Structure formats: C-alpha cells, structure tokens
Amino acid sequence: MCQIGKILVDMEKIYKAKQFEGKIYQKWESSGGFIPKFDSKKKSFSIALPPPNATGQLHLGHATMLAIEDIMVRYHRMKGDPTLWVPGTDHAAIATQNRVEKLIGEEGQTRHTLGRVKFIKRVRKYVADSQGTIRNQMRKMGASVDWTRERYTMDDQLSTAVRYAFFRFYQDGLIYRGHRIVNWCTRCQSTLADDELEYREEKTKFYYLKYGPVVIGTARPETKFLDKIIIVHPKDRRYKKWHGKKMMVPWINGEIEATFISDEVADMQMGSGAMTITPAHSFVDFELAQKYGFEIHQIINESGEITEAGGSDFKGLLVKEAREKIIQELTRKGLVDHIDENYIHNLSVCYRCGTPVEPLVSEQWFINVNKKVRGKSLKQRSIEVVKNGEIKILPDLFNKTYFHWMENLRDWCISRQIWWGHQIPVWYCVTKKKRMCAKPIVALETPKHCPYCLGNKLQQDPDTLDTWFSSGLWTFSTLGWPQRTKDLANFHPTSVLETGYDILFFWVARMILLTTYLLDEIPFKTVYLHGLVRDKQGLKMSKSLGNGIDPLDMIDKYGTDAVRLSLVLGSSPGNDMRLYEEKIAGYRNFVNKIWNGARFVLLNLDKDDFRKKIDYKSLAKIDQWILHRTNEVVKQASKGIEEYRFSEVGLMIYDFFWSEYCDWYVEMSKITQNKAVLAYVLKTVLALLHPFIPFISEKIWELIGEKELLMVSNWPSVNPKNNFPFSKREIKQIIEVVSVIRQSRAEYHLSPAEKIKVTLYGHGLASTLNLNLAIIKQLARVDELVIKEKGEKLKGCLGQFVGNIEVYLHIADLIDISKECERLQKELENVSQYLDRLKKKVTNKQYLRNAPKLIIEQDKHNFDESLSRQKNLVAQLKNLM
RNA sequence: GCGCGCGUAGCUCAGUUGGUUAGAGCGUCUGGUUUACACCCAGAAGGUCCCUGGUUCGAAUCCAGGCGCGCGCACCA
C-alpha cells in the first residue's frame, strides 16, 4: 500500500511558486554559487549581461534575455566550467536625460533653470532608484549573476576606461574634431548617430518652384534661401547650354546669383532634371559642396529656427512657420509652379523623443572608421573577424545585415550636447597667450595647466560622449580594463553575447569596432540574437497601445519558471515571438505537473531511496526502457544546449517528462516499482530542467533531501550501463498494445469500470508480454488477459494488430460489423498505398545506391511490417464476414 | 530602389545538413476519478506544409517565378 512519506507534509497539490522563489534565490545568492570558481583545467564560460538602461524597469525583452542567458550560465556552471555572468546597468545618456527632464518639467523646471550640477545630481538619484528596481527584477527572474562584480557604465573605473579609450583613439589619430553635417534633434538639443534615427512615413506637400530657367522640387522650401547652385546631369541635353553659366534669378528675398554645375548625381528622369543644393542641411548636398568647395550657409539653427540667412522677414521663425510664409511670398511673386498635395516621404525622427531631425553642420567629435592604423581601418578589422569566423552570429542570416551595415558605415559622431554622460576628456586653454593654445588638450587625468602656455584657465569640452561609446567597451571595461586584471585574463573574450537583434548595430557592431582595436581581440565568440516579444496579434508591445505585459505581473500570477518557459520554448533565434497569458498558463501547468510527478515519487519513496544505487541485476523491462530513454534525453539535451537550440531542448525534456515518464513509466510503476530507477530518472530530469526552470527544480531537489544545491550539482552524463535498445523496442510495443485496446474501448464507449477479456498472440513477443501482463491489464483496464505465442484467428472478437502482435477484444455482442468492416477497409487502403510507395522506393536502383544505409534499413523494415499488417488486415476482414 | 525574413491544424508556433504515413500547446468534441496532478487522465476530429514549375530515388525543407504579409537599409529633387 502507499506509504506516506514525511516529505509530503510540505507538498500541497498545487505548486505555489510565490511561496518558494524568494527564499530559493536568497539561498543561491548567499551560497556564493554565482561567483565563479577558478579551475585551470576547465574552459571558462562568461557572459557580459547587456546592461539595461537605468531608466525605470525591465520589460519582456529583458526577461527573455535573462532567461536565455541564465540557461547557458547554469548549464556551464553545472558542468563545472568556471562561469561568470557580469551584471550591470547603462547610464543611457539621452534616454535618461529625457526622462529626468520630463520629471522636472512637471515641477516647472528645465535643466537650464536647474543648472548642470544640480541637474546631474537629480539624474543620479533617479538612476539609483532605477538600479534598485532592476536588481530586484533580475532576482525575481532568477538570474544567477555574480552580484559582487556588478558594474555601471558611470562607475569610476569604467569612466577611466572610457577616458583611456578616447585617449588611445585620439593619439592614434582615429578621433578627430571637425565641422561636419550631423543629425540634430532640436528637442534634445543634441546630435544623433545615423542609426539613432527612426523613420515615420508622412504625407506632406511637395512644392515645384520656378528657379530661373528651371523648375525645382522640394518638400522643404524653408532651407532654400541661399540655394545658389543648380545641378544638372552632364548628359542632359536640355541644359547643355547652361553648363558653368551664372545668372541672376528672382528668389525669396529678391534676386540671387545662381550657377549651373553638371554632375551625375542629378537624375534626368526626376522632375525637371535640375536641382538646387542646400549643403548645410542635406547629407548628399554637403558632400557635393565639399567636392566642389561651395559655400556652406547655415539656414536653420540648433533650435529649429531660421537664421539670419533668411533675412529680417524670416529670422527667428520656426521651420513650419517659415515654410508657409515662404510659399506665400513665392506665390505672390508667381514662382510657384504647382504643388503636389499628397507627397509621401520618410521623415527622420529622433529615436528617443520622436522629434523630426534636422541635418545641419556643426563642430563635433568623430571616430574615423576608414583611416588605416597598423595596416587596417576599424571597419576592416570589424568585418574581418566575422568573415573569418572568429565571431559567429546566430542566426547566421544576420551576417549579411552586419556586413552591409559595416561596409556603408560613415565616420561615427560621438559627441552629444547633453549633460548626462561621460564628459569628453578634452580641455581648451582659455588663457590664449600663444597660438599653440588653440589646440585641444586631450588627457587621461584632468589637467591642471595648459601644456603650451602653462596657464591655468582650462575649460573642459561641455559635450558628453555617445552612450554607445561606453557600452561598446562593456565586455572588458567590466573586467577591470585598462588594468591587466585576473578577470580579464580569465574571462575575455567573453563566450556569448546574447541580445535582441534590434541593437545589432547600436551596440554589437560598435563593441566589435572598439574592442578589436583597443584590445586587438574579439569581445565575444558567439552572438546570439533573440527576437522581439510581441502581443498575440503580432503587434509590438507599447505603452500607447496598452498591450504591454509586465513580466512582474506574470511572475506574480504564474511564477517565474512558467514565465521563463513561455519566453524560451516555441521560439527560435532571430524570430519574433508572441506572448499571451494562455501560453504562460500552459507552462504553469507543466511546472505543476513536475511538482505532482515529484509528489508521487515522494509519496512512494523514503528519502534514503533517492541515494540508493540502481541494482542492475533486478531491472524490469520498463526500468531498462526508461533508463535507455533517459540516456538519450541527456545526450540530446547537452548537445542541444551547446548548439544554442534551447527551445528544442526544453520541449524535448517537457515531452519526455510528461508523455513518457509520467504518462507511462509512473503509471507502470504503480504495478511493479523500482524505487532506485524512479528516483534516478526524476533526479536526472530535475537537473536537465534546472537551467530552464531553476526554482521548482531546486525546491524539489531540496525536498528529496539533497544536501548540495542543484545549481552547483553535476550536469547529468550519459551512463553506458543504461543502454537497453531492445527493451526500448519491446516496451514501445507494449505501449502500443495498451493504446490499441484503449482506442477500441473508447470507440465502443466502454466505461473504465467495464472490464473486458483480451487475448494476445505475441508472435515472438509472448514472453515479453507475459512479463508485463499485470501492467497491460491495469493500464488497458483488462479483466482477463490471455497471452499466447500464436493461435487461430478468433471469431466474434474485435481484432487489431500491433506490429506482429494480434490483439483480440472479446466484445462480440458490442461489435458493429459493418462499422468494423469499414474501418478495416479504410486501413487496408491506407496500408496498401503506403506499401506501393515503399515498393517503388525499395526497388529503385538509384535509391538503393544513393540513400543512406540507415534509411534503407528503416524503409525495408517498414515494408516488411506493412506487408504483414496488410496480410493481417485481409485475414481479419475475412474473419469478420 | 536595394537587401532580408515569413506564409505548416481554428489560434500561437516547432520542424538540425533533403529521408518513417508532418508535430506540440491552446481551442473543439467524446468519455472519465485510477497510489501524484481537473493546472489532471483516456480517446477523437482537424493539414493541398501559400500557388506554379524545376532539381532529386525522395521536397514542408533546395532552386526559379508568382501571390500575400512583415522588417532593415537607402532615397527623401
């Protein structure tokens, strides 16, 4: 009878995640298990956590990242590899500054009324709060990060790394200052990198304006005050006579001197084929102006207002106001040819605040990506390490995107006109005694004197660095660089960089760019990119749509383990995934199933049974079968995790535990029980599942009386003693026999209470069937089971076949003959078709020559089996009629 | 415009280099209380793997074209 273990007292029927998770995390953390143990014999494994912005809280994207990284980290830790996962946060320059500006805005302040010092103080407080929230959330997610090594991009040591990096690049001539056209956000009052733009499709008016002898088209007449150059294609016959000519043309503020230039950038097909250029406010025009040495006039200033270039009537007007006024003026002068009201164009907007971006010329700091130093440019180094396979990007289709982006990369503007961030380590001498003092002073430490005139009036460049400049150093700045630390030697390059594909360019590419130069090594060996989490309809989750799911709510409701599974299982790298509550609830059910599987085992076993060795002399077939299957699962799980196929591995273990261990082995073990095997398989599955669902696996581990934490226990290994391929095949047949009987029972609506008689002809398997007689009886609800090696076809019975085994249900009075005939006919047809197909294959010489041996063997086996099945069906039909 | 991805059961999606008669979860339907679990158990229905053609002994998988959807980059005269 069932023996109630003492353990059961703690196990309710339903697993309540909330009760355990907090305590379990504390146990892990205080055990020191998150801190790597050095072992020179083993290969180390390290991940630098992509630092979340310290601007609030974590969302589902972060949760996905934490779940996937934790799987890898826990797997390697269990394997005994020295494993390090460095956590931290990013100061997220523009994003954070905007948040705080909004906050103080509600108090009626601006950063200017507050002043730089007070504002920064305010931001620091905001960041500290946010970091607290993030730490808490990471613990909730179960992330096994090494908290003793937590870093923040604005830490002193990391700031030193930033200065050091800047200094090195400057010394090597890769950082320069120059007047260049940049993307300018008039709201943030700062430059933006090319990839910090987003695009919004917008309907606008498109104006065709008469400019001297040509008609030019523009969506932005407000930039055109001083357009003096008309570009036409050299081959354009219409304008040949004008090449190089100058002429006076009536324009917004009176006449203007225009010059015709021919260049191939002009598209003859487009509009009139002629265009004027605005060098200060268009990237293409700027390049043209540089090529020809045209004058560059700023028309729009940093606040989005018209400058003096617009004349007294327009100066100070905002872009939008100016546009209308200009068109009025031009209409009055009869210079508007026509207006297209429905022009659709892509408006570039700031990725942080959505304000339209103005391209304008400004003096900024840049990283030169094309200049060759030590034989190669930054660009070349970055492309090379991916091309030669030093860095692998998963899924590999992102390789192409990466190369395309790298190859087209322009110099990277790294200065930002905001206050929050690493202030640029450059000083200017304001004493200005000598001419030399005009040169910027770039230094590691804040200089006290001007090195040229020894004057002590120095002013630091007010700008700050692009946030990606500091996060680009993340894999090694967190390990102590520029000092040569033990961590740096042990854990760099990091093993894997796991992040969303949406920051491939922002961050991943920049890390490669900076690291390959500064360290002359790669930042990471593998890049694993996960997809975006979307809602059930496939829409991006956003505040404005109100379709966002807060991971904390879900954890509260379903438990962390269930949330982790729902983010990892059923999705593949690089592909977006959809998340909705039913999905999480489904995985919660699985977690509960594990709880109850364990509950059953604990009900039947004493704690000592969990530590008993398997007695290989007394194994039943079912024990051999489940041990064999466990071996297979262990093997595939390890291989799968090594190959980053987390979803597949998780689903496989899920299936094994539920559909094989619980549905069959546990049920069978109610008849004949091998405690050691029952315990061994449960323990193995718990260990395999630990990286995926750390909390419940650890909890059960504790309940079965293990002293050591599962987190630091050994990863299961394949045991050669557990290989029983024959038993696997035999038990498969038993399972099928049971299934066939169950199907028939269901079909004839036999309630479980109704007992029946069954006769089996084993045809070689009678002894195996006999060994499992009790099991078959119980699982198929058979009252009387007769097993023979072979015998006459039984009349008046429902006959079925499992391989060669004949299965007869003695339910003569219930059988619906015509229905049964129909079923058999249908099946016969099916098998015959299948046989035809196989026959064609097996007799095909090409096939026999080309197909792998294994496949041919399988097909031949199937052929034989189907042939006997066909024979049996025919006999059965005859028997019925 | 250039590049990339997706299209598999009612829904959400897996499907490793081509190889059993294509899978899972949810939902639907029929039954159910058995040494854990109704967040459960047993069983069932449900598919032109978007279409057309090709390569191959063999295609959901590879190639070409088409249709539908999405994304990235560029352009924005």
Side-chain angles (χ1 to χ4, degrees), chain A residues 1-3 8 11 13-15 195 199 206 208 216-220 231 265-267 270-277 282 284 343-348 397-398 400-401 404-405 408 501-502 504-505 536 538 558 569-572 574-580 582-583 585-604 639-640 643 645 647-648 651 654-655 662-663 666-667 669-670 673 739 742-747 749-753 778-779 781 830-831 833-834 837-838 840-841 844-852 854-856 858-859 861-862 866:
Chain A
M1 277 319 289
C2 89
Q3 171 191 357
L8 184 67
M11 291 187 89
K13 284 190 173 191
I14 289 190
Y15 172 67
D195 49 338
Y199 299 95
F206 194 81
Y208 290 89
I216 58 168
T218 181
R220 306 208 52 195
I231 309 267
V265 296
D267 184 346
M270 201 125 173
S272 63
M275 65 178 190
T276 63
I277 64 163
S282 151
V284 178
Y343 179 71
I344 308 262
H345 77 147
N346 270 328
L347 187 67
S348 3
L397 59 100
F398 282 100
K400 251 187 181 168
T401 332
H404 182 258
W405 187 83
N408 293 294
Y501 67 76
D502 51 328
L504 178 62
F505 304 139
K536 195 167 186 179
Y558 300 104
L569 270 51
S571 64
S572 49
N575 287 318
D576 293 353
M577 62 192 112
R578 300 187 190 199
L579 189 76
Y580 39 93
E582 301 95 293
K583 194 168 175 178
Y587 287 115
R588 185 269 322 267
N589 294 353
F590 173 58
V591 169
N592 195 54
K593 185 72 184 179
I594 297 167
W595 181 252
N596 275 291
R599 192 164 176 266
F600 172 84
V601 176
L602 283 163
L603 261 166
N604 282 270
K639 190 163 178 269
E643 291 168 0
R645 292 181 280 112
S647 166
E648 217 178 300
L651 289 169
Y654 175 110
D655 208 49
C662 287
D663 288 350
V666 165
E667 289 305 320
S669 81
K670 287 173 183 174
Q673 195 167 87
S739 298
R742 281 174 176 173
Q743 277 162 30
S744 305
R745 291 189 67 113
E747 202 169 332
H749 299 290
L750 290 165
S751 83
Q778 165 97 357
L779 296 191
R781 315 241 102 217
N830 223 342
V831 171
Q833 276 174 9
Y834 181 46
R837 260 204 327 257
L838 280 177
K840 266 186 207 155
K841 261 176 130 175
N844 186 312
K845 278 180 201 157
Q846 294 270 15
Y847 164 79
L848 290 171
R849 205 168 52 222
N850 296 327
L854 198 77
I855 300 295
I856 297 177
Q858 266 174 20
D859 282 342
H861 172 81
N862 289 338
S866 301

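Chain A is the first sequence line, chain B the second, and so forth, proteins listed ahead of strands; every chain is numbered from 1. Side chains are part of it too, since the values below use all heavy atoms of this structure and drop only hydrogens, waters and symmetry mates. Keep in mind that this is a model prediction, so the values were computed, not measured.
- In the interface, the side chain of A:R588 is paired with the base of B:C39 through a donor and an acceptor atom under 3.5 Å apart.
- Contact annotation: A:Q778 does not reach the phosphate of B:U34 (side-chain N/O to OP1 or OP2, under 4.0 Å).
- Within 4.0 Å of A:A753, counting heavy atoms only, lies no atom of the nucleic acid at all.
- Of all nucleotides present, only B:G19 satisfies the Watson-Crick or G-U wobble test against B:C57, with each distance under 3.5 Å.
- Distances from the side chain of A:N844 to the nucleotides B:C57, B:U21, B:C76 place B:C57 closest.
- Phosphate proximity of B:C4 to A:T401: absent, as no side-chain N or O sits under 4.0 Å from OP1 or OP2.
- In the set B:G19, B:U34, B:G5, the nucleotide with an atom closest to the side chain of A:R781 is B:U34.
- When each of B:G5, B:U30, B:G19 is scored by its nearest atom to the side-chain atoms of A:L397, the top-ranked nucleotide is B:G5.
- Listed nucleotides: B:G43, B:A77, B:U12. Nearest to the side chain of A:S739: B:G43.
- Nearest to the side chain of A:Y199, among B:A36, B:C75, B:C39, sits B:C75.
- Taking the side chain of A:D267 as heavy atoms from C-beta on, and the options B:G43, B:A77, B:A74, the nearest nucleotide is B:A77.
- Listed nucleotides: B:C39, B:C37, B:U30. Nearest to the side chain of A:N589: B:C39.
- A side-chain donor from one of A:Y501 and A:D576 sits under 3.5 Å from a side-chain acceptor of the other.
- The listed nucleotides are B:G5, B:U21, B:U35; the one nearest the side chain of A:Y834 is B:U21.
- For B:A74, there is no paired nucleotide, since no Watson-Crick or G-U wobble pair has both relevant distances below 3.5 Å.
- For the OP1/OP2 pair of B:G31 and a distance below 4.0 Å, the side-chain nitrogens and oxygens of A:R745 include no atom meeting the criterion.
- Nearer to the 5' terminus of RNA chain B, by closest-nucleotide assignment, is the contact made by A:G586 (compared with the other of A:R849 and A:G586).
- In the set B:C73, B:C41, B:G43, the nucleotide with an atom closest to the side chain of A:D663 is B:C41.
- Pair assignment for B:G5: B:C69, on the basis of Watson-Crick or G-U wobble contacts that are both within less than 3.5 Å.
- Nearest-nucleotide assignment on RNA chain B puts the 5′-proximal partner with A:I855, out of A:D655 and A:I855.
- Considering A:V265, A:I231, A:I216, A:V284 in turn, A:I231 is the only one that fulfils the side-chain contact (heavy atoms from CB on, under 4.5 Å) rule with A:I277.
- Between A:K400 and the phosphate of B:C73, there is no side-chain N or O to OP1/OP2 separation shorter than 4.0 Å.
- Counting atom types as modelled, A:K593 pairs a side-chain N or O with a base atom of B:C37 as donor and acceptor under 3.5 Å.
- Base pairing of B:A44 is made with B:U28, judged by Watson-Crick or G-U wobble geometry with both donor-acceptor distances under 3.5 Å.
- Listed nucleotides B:A36, B:G15, B:U21 differ in distance to A:E667; the shortest reach to its side chain belongs to B:A36.
- Across all strands, A:Y208 comes closer than 4.0 Å to no nucleic acid atom at all (heavy-atom distances).
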